[in-house]
2 protein chains.
Amino acid sequence: MERLDRVIFYSLDKTIKTYRQFAQKRFFEQGFDITIDQWLVLNAIYEKPGITQLEIAGKVFKDTASVTRIIDLLIKKELLKRDVHSSDRRRFTLEITPVGTKLMTKIIHVVEKNREIALQGISDKDLILMKETLNHIIDNCKQVL
Amino acid sequence: MERLDRVIFYSLDKTIKTYRQFAQKRFFEQGFDITIDQWLVLNAIYEKPGITQLEIAGKVFKDTASVTRIIDLLIKKELLKRDVHSSDRRRFTLEITPVGTKLMTKIIHVVEKNREIALQGISDKDLILMKETLNHIIDNCKQVL
DNA sequence: TATCAATTATTGATATGTCAACTAAATTAA
DNA sequence: TTAATTTAGTTGACATATCAATAATTGATA
């Protein structure tokens with residue numbers, strides 16, 4: 001067996017990539033023409049209307065440059081509308097279009113099902129334990145960052 | 001508290017991103033002008049001389065297009081050399097240069113230290129448990145892929 | 001052996017990640 | 001109130017991910 005410390009990061013990487021591929025495939029299969037990342041950003045706005053791009057970036061662990069570009073694409077797809085903010089002209093008001101809202105209400109079922117499939121057979125206890133270990137790793141890395 | 005199934009993928013994403021940032025920062029800080037992904041590819045060759053690009057892709061969970069491009073950069077950095085394979089002309093023989101070898105023997109200490117820092121305070125038992133849970137998720141997703 | 005299929009790798013297009021430089025606007029301080 | 005600082009967001013450059021199309025070569029088969 002390989003060394004544990006090495007295998008862990010290997011497994012982490014593989015898990016994220018496999019889950020993303022899986023989730024993306026299911027989006028397309030069910031007819032949703034949207035990437036996982038675009039969904040993440042759209043969802044952040046859906047859950048908190050009036051959210052700023054900076055807040056979105058923090059919420060989905062992306063930098064503001066990525067958020068800007070993803071928002072551009074969401075607008076091109078007519079799922080989102082961008083208007084200048086009434087009181088702070090550095091900011092934008094991001095508003096999900098009716099088409100975007102419809103997509104969100106439909107795609108949530110795929111999202112929930114994806115999570116269910118990916119986690120089936122895994123106990124809450126194991127998930128909680130894993131979450132704690134993951135958070136521990138994050139804290140360890142953050143101390144140096 | 002948010003729903004567990006949701007939080008888990010959130011934590012996974014955050015962990016990978018934080019660890020990558022942390023590891024990359026330490027590469028640069030210690031004077032190694034190489035990205036994490038370039039290191040992964042170079043390491044695959046280092047550990048298995050004569051490896052094909054297809055095998056590298058499998059080993060580091062990248063597709064062959066990414067591997068091709070990363071190899072291009074490694075060659076530009078003069079850490080790697082690419083020659084036609086003697087018996088199969090579809091393939092290439094990838095050879096790490098002396099400069100590349102030197103880098104690899106030095107950077108391994110940073111890599112080991114990174115893992116040590118990231119995992120400090122976490123028991124082997126918890127790591128093994130996490131690995132099993134991660135593998136379970138991978139298997140669940142693969143069934144659908 | 002001529003053809004067809006499989007294998008290995010590259011390339012183009014598009015999306016995203018990361019860093020740095022930049023603009024514009026708002027806030028704070030002198 | 002002017003000047004400096006901070007904040008919000010954009011843009012360019014480069015690295016990587018993913019998909020599809022392609023090229024070259026090899027292997028299988030009819």
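First the proteins, then the strands, lettered A, B, ... as listed; each starts at 1. Hydrogens, waters and symmetry mates play no part in the numbers below; they use all other heavy atoms, side chains included.
- Within the nucleic acid shown, B/Q24 has no heavy atom closer than 4.0 Å to any nucleic acid atom.
- Shown here, C/dA26 forms a base pair with D/dT5; the pair counts as Watson-Crick or G-U wobble because both key distances fall under 3.5 Å.
- Between the CZ atom of B/F61 and the P atom of D/dT16 there is a distance of 17 Å, given to the nearest Å.
- Ion pair A/E78/A/K102 not flagged as a salt bridge, since none of the NZ, NE, NH1 or NH2 atoms sits closer than 4.0 Å to an Asp/Glu carboxylate oxygen.
- Side-chain atoms of B/K77 and B/Q38 form a donor-acceptor pair, as typed in the model, at a separation below 3.5 Å.
- Map B/D63 and A/I51 each onto its nearest nucleotide of DNA chain D; the residue landing nearer the 5' end is A/I51.
- Toward the 5′ end of DNA chain C lies the nearest nucleotide of A/L73, the other residue of the pair A/R89 and A/L73 mapping further downstream.
- Judged purely by atom type and a 3.5 angstrom limit, B/Q24 uses its side chain to pair as donor or acceptor with the backbone of B/I36.
- Rounded to an integer number of Å, the gap from A/I70 CD1 to D/dT11 C1' is 16 Å.
- The interatomic distance linking B/F28 (CZ) with D/dA15 (P) rounds to 10 Å, in whole Å.
- Not one side-chain nitrogen or oxygen of A/T68 sits closer than 4.0 Å to the OP1 or OP2 atom of D/dG9.
- Between the CG atom of B/L54 and the P atom of D/dT25 there is a distance of 18 Å, rounded to whole Å.
- In this entry the distance linking CD1 of A/I71 with P of D/dT11 reads 12 Å, nearest Å.
- One can place CZ of A/R90 at 13 Å from P of D/dT6, the figure rounded to the nearest angstrom.
- Nucleic acid contact class of B/R91 (heavy atoms, under 4.0 Å, all strands): sugar-phosphate only.
- The CD-P distance, from A/Q53 to D/dT11, rounds to 11 Å in whole Å.
- The CZ atom of A/F92 sits 7 Å away from the P atom of D/dG9 (whole-angstrom rounding).
- In this structure, CG in A/L42 is found 8.0 Å from OG1 in A/T101, a value given to the nearest 0.5 Å.
- Close approach of DNA chain C to chain A, defined as any atom under 4.0 Å from a non-hydrogen atom of the protein, starts and stops at C/dA15 to C/dA26.
- At a threshold of 4.0 angstrom between heavy atoms, the contacts of B/R82 are confined to the sugar-phosphate backbone, with no base atom among them.
- A/E29 has a carboxylate O that lies under 4.0 Å from a charged side-chain N of A/K25, or vice versa, which qualifies the two as a salt bridge.
- Contacts of B/T35 with the nucleic acid, taken as non-hydrogen atoms under 4.0 Å apart, involve only primed sugar atoms and P, OP1 or OP2.
- Ionic pairing of B/D13 and A/K62 is not present here: no N-O contact between side-chain nitrogen and carboxylate oxygen is shorter than 4.0 angstrom.
- Not one N or O on the side chain of B/K14 forms a donor-acceptor pair closer than 3.5 Å with the backbone of A/V60.
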